Structures are given as structure tokens and as C-alpha cells.
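Start at 1 and go down the list; that is how both ligands and their atoms are numbered. For clarity, every value in this text was computed on a predicted model and none was experimentally measured.
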Amino acid sequence: MLESPLLNDSLGYIDGKWCAADSGKTMPVTNPATGETIAIVPIMGKSETIRAVDAAAAALATPASIEQRSHWLSQLADLITQHREELGRIITHEHGKPWKEAQGEADYAASFFRFYSTCIEHLRPKKLPDRPRNHRWTVYYRPAGVAALVTPWNFPLAMLAKKFSAALAADCCCVIKPSSKTPLSMVALFTLLEQLKLPAGKANLVLGPAGEISDVLCEHPAVRVISFTGSTPVGKKLMAATAPHLKRLSLELGGNAPFIVFDDADIDQAVEQLMANKFRGAGQTCVCANRIYVQTSIAQEFSQKLATRANALKVGNGMDEGTEMGPLIDSHAVEKVQRHVTDAIAKGAQRIAGSESTTAKSQTGNFFAPTVLRGVTADMECVQDETFGPLAPIIEFTDEDEVVAAANSTEYGLAAYVFTKSDARAERVISRLSFGHVGHNTGSGPTAEAPFGGMKHSGFGREGGVEGLHDFIEAQSVPRP
Ligand code: NAP
């Protein structure tokens, strides 16, 4: 079991109190690197979720001032920063990513609370300068109501921080449901939250698989917003389930990011950026490059450099010194990457980095070697579908129109990357790419200060920036004579 001062008894948190499941049912949390059970947490269901929503609805009756919310947000940012090492250790144990990278996730989470502690000023009532209809007008930004925040396992702390920071800024009251694969980071966050002395019901934590929990969140009339990060198929189910109840949805869904390298790019810089972008979290990030388009004249040099770097990556337990990439989350994730590699090789691709023996030799079978394929074509599964693993498939292209068409030929539209020294070409290409985030000569992902979100089947709504507040507020216009 994982001992930590931030984990208490690993319980849920409803109406200001830690609590177990009404049924007494529990489930294990497993370390994907070792297969060990690191905690036992409650499996909550309908009754606990109804209590959590009711507590949140009751807490809406006691609004907090902007000053108070700003203070909470900056206090929480400071607490996360103070406990970054321990939060990182918990993330590494339940997710597998290297400890240093996990501490970076804690810093990233803190940055959202810090950003919204000042961005909250945008929520002060706004008086219109003119007198339309011969009235004085004031626009108020009211909390949208009870917000359900549902998150995936790939950033157990940061994905929630993005939502919760904006929801708290807007004065919503929240019911939080983390992935049942990685609930411990949330237990740790709630341990820190207790120090803020939020009113009971302001933030509630329900643990367990989606099932009954998501049914209540979709149907309970008090829930006005569901902010979801996860896969596109589940996002679609949520949209169908909430349609009869007209709930507001914010959907941060899957990606299939193109990474485009033109022949005038700095090849070493592009390889460097791709390494960081592709293999962070063992390739289990929504923004990581899924399809690497390289102009034919530089494909040989680029591929060789990438393969050399990928083969040199140190794969292992995230808590071991020097580990650069950890395991995948579970055996299903490994099977998917393996399926994509097998399919591509059967259709003519060549493996130039990575070895199958890594998985067989690993303690849990959850490890997969950083793998690079050449000779990849559009008919292969790894091009059509999000691999969500450490696979870099290289596809060659000859000109700008061809690569823009290929990059856009997906139902997804989350992140893309363009490497070229020509600003004019970059402007042209970026304006034609249907993706919410496009890095130019960088593989950098989102930041708290800028809006981030998807187009098409990658969802709608934005997190970060002033725009991140929009999902959690209702604008109310008041004319006065
Ligand atoms: P997932 O299977 O869709 O699960 C996400 C969350 O939804 C979990 O808490 C899960 O709970 C819950 N869930 C599962 N089925 C549900 C249902 N029918 N109704 C309501 N909730 C349900 O996704 P994942 O495997 O955790 O995460 C990987 C996916 O997330 C990838 O596609 C990735 O691209 C995407 N992602 C997107 C972003 C973004 O910003 N756009 C960021 C990160 C990840 P349980 O699993 O506990 O049942």
C-alpha cells in the first residue's frame, strides 16, 4: 500500500465529510509499473452521487465574494506547489509517469489555480458605457450552478485542475468524478482542500466507475454543467444522455495530432520537440503527435535521428532515478499499440526503433518500447485512430496542399504542429488546419493563460484563458431606467 500524509483513508468526500461507499464496496488501485495494489477506494453509486449533488446545490445558496474565491484559488495553488513532490509521487504510483514529469504535472495544475485567482477579475459586473434603449445596463456573471467535473486517468491531477479552477472562480459548486484507474491524486487534492475551509458542499468527490455515477450526473436536475475530458465515444454518450435535460456540456475529447515537418525546418529542433511531445506520459496524452508527416527530401535524415533518440530513451519504473518513460496504464493500452504496429507492418511499414521484447520482459507486461515506423500510409490504423501510446509513425509528403489535406482528413481537431523556417508558409498552413491548438516550431502543449480545446469530434468548449470561465458562468443583463 502507498503510505502518504495526503491519502488519509482514501475515501470520497461529500458535504464536507470524508465517506465510504454506502454499500461498503471497494476497489483496488494498481500501480501499472509493478502490478501492486497501492490503495483500496470506495465504489460509490447512485445514493452517494445524489447526496453529493444535493450538497452542492445547497451550497449554491451561500455565494462567495470574488475576493474570497481569489484567495481560495491562490491558496490552493500555493498548497499544490508546496506539496509538488508528494503529489508527484502519488501520480507516479497510480499512473506510471516518471516522478520528475509527475511533479511537472503538479506545477501545471497549480498554474491554473494561480491564473484564475487573477483572471477572476473579468467576472466583476460590467456596466455598458452607452444607454441603449435609454437605459443603464449592467451585465452580471452568475455561477452556472452545480458543475459535474469528470476526468480521465492520463493527467490525474491536471485535467481536474483545469476545470475546477475555472468552476471555483465562477462560484459553481462541484461534484468531481475522477477515473477509477487514478483516483488517488483527487483524494490528495481534497486533503489539501480541507485547509481552505470551503463551505460544506462546495466541492464533493465521488469515487468509482462511471455507471450509476454518470447516470445521476446526467439526469439530476440540479446539475447544470457537465465538464468532461475523455474519449470521443464517451463524450457522444454524454451528449445523448444529457440532451433531454438540456445541460450545458464542455467536451475535451480525443485527438489525432498531425506533426508536420517541411524541408526548410531545423531538423534537430523538430526531432527534439517531437521526442518531448510524443513520449511524455508514454504517448498517452491527447495533444501528442499521432501522425508524423515529413517532407520526402528530409525523411531519411529525420527518421534516423528520431530512431536513434527513441532507442536511447530509458524505460522503467517512474520512481527509479533516470527513468524517462514509464509503463502504459494497463494491458488494454498495450494491446492497442501492439495492434497498430502489427497492422502497419502487415501493410508494408518498417520498424526502425523499438523492440517487442520490452513488453515480454517487463514485470507487468504494461511496458512498450518507444517505437518508430517508416513507410506509413493513410490506410493504416495508426493514422486513422488515436494510438495513445509510444508509437511514432512517419508518413512522407511532397507538397503543402497534399499535407494540409492529409492532416485535416480526420474527424479529430485538437492539436497540430508545423515545423518550417518560413513564417509565410506557417501562416498559410496554420490558417488552413482545423485544430484548436497549433504549435509553430514547438511541440508545446497548452498553458493556463490561453484557451485550449478541440474542433470537430475533439469536442467543444475551452479550458484556460478568459474563455475557460465561459463554461461555468451565466451572463445576466439588467437594464435600469
Ligand atoms: P474515458 O474512457 O472516456 O474516461 C474518461 C472519464 O469518463 C473517466 O472518469 C471514466 O470513468 C468516465 N466514463 C467512462 N464511461 C463513461 C460513461 N458512459 N459516461 C460517463 N462517464 C464515463 O477516457 P480515458 O481512457 O480515461 O482517457 C483517454 C481519452 O481522453 C483519450 O481519448 C484522450 O485523447 C482523451 N483526453 C482528452 C483531453 C483533451 O483535453 N481534449 C485531455 C486528456 C485526455 P471510469 O473509467 O472510472 O468508468
Side-chain angles (χ1 to χ4, degrees), residues 12 27 29-30 32 41-45 49 94-95 97 105 108-109 112 148-163 175-186 205-219 223 226-242 247 249-257 280-290 328-330 332-333 336 385-389 410-415 435-437 445-447 450-464 468 471:
M27 62 183 182
V29 182
T30 307
V41 297
I43 299 183
M44 294 179 160
T49 313
E94 65 179 352
H95 174 284
K97 65 182 72 176
E105 179 177 342
Y108 182 54
F112 279 84
L149 313 180
V150 181
T151 53
W153 49 264
N154 67 337
F155 289 94
L157 183 61
M159 291 301 117
L160 185 275
K162 291 176 146 201
K163 303 176 184 310
V175 177
I176 292 166
K177 190 220 119 31
S179 164
S180 47
K181 293 183 182 122
T182 55
L184 301 182
S185 304
M186 275 311 97
L205 175 66
V206 288
L207 301 178
E212 290 182 19
I213 297 176
S214 62
D215 288 349
V216 173
L217 298 178
C218 289
E219 288 163 21
V223 176
I226 299 186
S227 177
F228 170 81
T229 301
S231 61
T232 297
V234 172
K236 288 179 183 173
K237 280 188 196 166
L238 283 174
M239 197 158 172
T242 53
K247 291 188 197 304
L249 279 182
S250 167
L251 298 177
E252 297 287 343
L253 307 179
N256 182 355
R280 185 172 61 123
Q284 301 169 111
T285 68
C286 56
V287 290
C288 73
N290 199 59
L328 301 198
I329 191 71
D330 58 21
H332 300 295
K336 185 171 186 190
D385 189 14
E386 183 185 37
T387 302
F388 228 53
T410 169
E411 62 187 16
Y412 296 103
L414 194 59
F435 294 84
H437 173 100
T447 183
F452 173 81
M455 298 183 185
K456 305 192 301 190
H457 287 210
S458 291
F460 42 76
R462 292 291 182 265
E463 291 182 338
D471 288 329

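Judged by the 6.0 Å and 45° rule, K177 forms no cation-pi pair with F228.
Partner N290 forms a side chain to side chain donor-acceptor pair (under 3.5 Å) with one of N256, T410, D385 and no other, that one being N256.
In summary, the side chains of K162 and T229 do not present any donor paired with an acceptor at a separation below 3.5 Å, with no hydrogens or angles considered. Side chains of E94 and S185: a donor on one and an acceptor on the other come within 3.5 Å.
Relative ring orientation between W153 and H95 is described as tilted, the plane-to-plane angle lying within the 30° to 60° band.
Sorted by chain and number, the heavy-atom contacts of ligand 1 below 4.0 Å come from V150, T151, P152, W153, N154, M159, K177, P178, S179, S180, G208, P209, A210, S214, F228, T229, G230, S231, V234, K237, L238, E252, L253, G254, G255, C286, E386, F388, L414, F452.
Legend: residues meeting salt bridge (charged side-chain N to carboxylate O under 4.0 Å, His left out) with D330, ordered by chain and number and at least two apart, are K181.
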